[in-house]
Amino acid sequence: MSRMSDRPARWTRATVYPDMWADPDDDPRNNNGDGAGPDGELATLQDFLRDYRLTLRMKCDGLDAEQLARRSVPPSTMSLLGLLRHLAEVERDWHNWISDADPLPKLYGGSDADFDGAVADQAMVDAAYADLEREQAELDAALARHPDLGERLGKDRIAVRELMVHRIDEYARHCGHADLLRECVDGRVGQ
């Protein structure tokens with residue numbers, strides 16, 4: 001006799017490698033043209049950041065507001081929607097790091113409000129995606145004016161290289177969380 005479970009069965013859309021999220025030919029992270037890697041350190045860092053950003057979007061793709069807001073395991077408040085909001089918030093924080101101006105205010109309020117306030121509401125989902133895209137674009141544009149990775153910016157004199165590596169680290173860590181969250185939501189697994 002088999003037991004029913006509320007744990008979703010594992011699945012993937014990939015057909016070539018059953019443990020992958022997408023087949024290599026369909027993976028947007030592999031579509032850079034000739035297959036050659038980027039030239040230079042800055043281009044390499046930007047490429048890794050782009051791929052992690054795409055990975056996060058892929059992990060959220062196809063889910064409704066309730067699924068995106070679903071929490072992992074109590075007492076954690078982590079959800080895919082919370083991750084989107086959190087990364088919008090940290091993109092804004094990083095922008096503050098490189099600015100000499102007064103810091104921009106928090107997007108979602110106090111400590112952990114990015115996760116705590118993530119509720120199953122389509123307007124909130126739409127706002128989270130818009131916030132993330134805007135904050136990414138604004139920081140990317142600000143950093144584009146400083147192509148020297150050794151240049152130090154802001155009040156704390158952070159090197160552009162250090163900030164780029166920190167951004168990659170943050171997205172990579174949270175993409176790991178997103179893997180587990182997505183599998184809990186609907187069983188989808190993959191790279």
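In this text the structure is predicted, and so the values were computed from the model without any measurement.
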Measuring from Leu104:CG to Glu135:CD, what's the distance to the nearest 0.5 Å?
7.0 Å
Within the 4.5 Å heavy-atom criterion, are Ile98 and Arg145 side-chain neighbours or not?
no
State whether Asp131 and Arg85 are salt-bridged, where the test is any N-O pair (Lys NZ or Arg NE/NH1/NH2 against Asp/Glu carboxylate O) under 4.0 Å.
no
In terms of heavy-atom contacts, Ala128 and Leu81 come closest through CB-CD1, 3.7 Å
As a quick check of understanding, evaluate side chain to side chain contact (heavy atoms under 4.5 Å, CB included) for Leu83 and Phe115, giving each step before the final call.
CA-CA 7 Å; Leu83 286 176; Phe115 288 105; 3.9 Å; yes
For the pair Arg71 (side chain) and Ser79 (backbone), establish whether a donor and an acceptor sit closer than 3.5 Å, ignoring hydrogens and angles.
no
Same cluster for Tyr52 and Leu87 if Ile/Leu/Val/Met/Phe/Trp/Tyr side chains link at under 4.5 Å?
yes
Nearest 0.5 Å please: distance from the CG atom of Leu68 over to the CG atom of Leu63.
5.0 Å
Salt bridge or not for Asp61 and Arg57, using N-O below 4.0 Å?
no
Between Val160 and Leu153, is any pair of side-chain heavy atoms under 4.5 Å apart?
yes
Taking atom CG as the centre, does Asp156 end up with more than 12 heavy-atom neighbours from other residues, nucleotides or ligands that are less than 6.0 angstrom away?
no
Quick one: do Lys106 and Asp93 satisfy side chain to side chain contact (heavy atoms under 4.5 Å, CB included)? Show the steps, please.
CA-CA 8 Å; Lys106 294 278 190 191; Asp93 286 344; 3.3 Å; yes
Between Arg50 and Asp140, does at least one N-O distance fall below 4.0 Å, as a salt bridge requires?
no
Under 4.5 Å between side-chain heavy atoms, counting indirect links through other Ile/Leu/Val/Met/Phe/Trp/Tyr residues: same cluster for Leu180 and Tyr171 or not?
no
Heavy-atom side-chain proximity of Leu107 to Arg134 below 4.5 angstrom
yes
Heavy-atom closest pair, residues Gly150 and Ala159
O-CB, 4.4 Å
Considering only NZ, NE, NH1 and NH2 on the basic side and carboxylate oxygens on the acidic side, decide whether Arg92 and Asp114 come within less than 4.0 Å.
no
Please verify the inter-ring angle class for His166 with Trp97; under 30° counts as parallel, over 60° as perpendicular, anything in between as tilted.
tilted
From Met164 atom CE to Thr44 atom OG1, the distance as rounded to the nearest 0.5 Å:
10.0 Å
Run the side chain to side chain contact (heavy atoms under 4.5 Å, CB included) check on Glu170 and His86 step by step: do they pass?
CA-CA 10 Å; Glu170 184 84 8; His86 172 71; 2.9 Å; yes
CG (Leu84) and NZ (Lys59) are apart, to the nearest 0.5 Å, by 13.5 Å
Non-neighbouring partners of Glu162 that pass salt bridge (charged side-chain N to carboxylate O under 4.0 Å, His left out), sequence neighbours left out:
none
Got Glu183 and Asp179 here, is their nearest side-chain heavy-atom distance under 4.5 Å?
no
Taking atom CG of Leu181 and atom CE of Met78, what is their separation to the nearest 0.5 Å?
6.5 Å
A side-chain contact here means heavy atoms from C-beta on lying under 4.5 Å apart; do Lys155 and Asp100 qualify?
yes
Closest contact, heavy atoms only, Ser99 versus Ala101:
OG-N, 2.9 Å
Carefully, step by step, assess Val119 and Met124 under the rule side chain to side chain contact (heavy atoms under 4.5 Å, CB included).
CA-CA 7 Å; Val119 296; Met124 181 173 287; 3.7 Å; yes
His95 and Glu91 side chains, donor-acceptor separation under 3.5 Å
no
I need the Thr55 OG1 to Arg53 CZ distance, nearest 0.5 Å.
12.0 Å
Report, as yes or no, whether the 6.0 Å neighbourhood of atom CZ on Phe48 holds more than 12 heavy atoms from other residues, nucleotides or ligands.
no
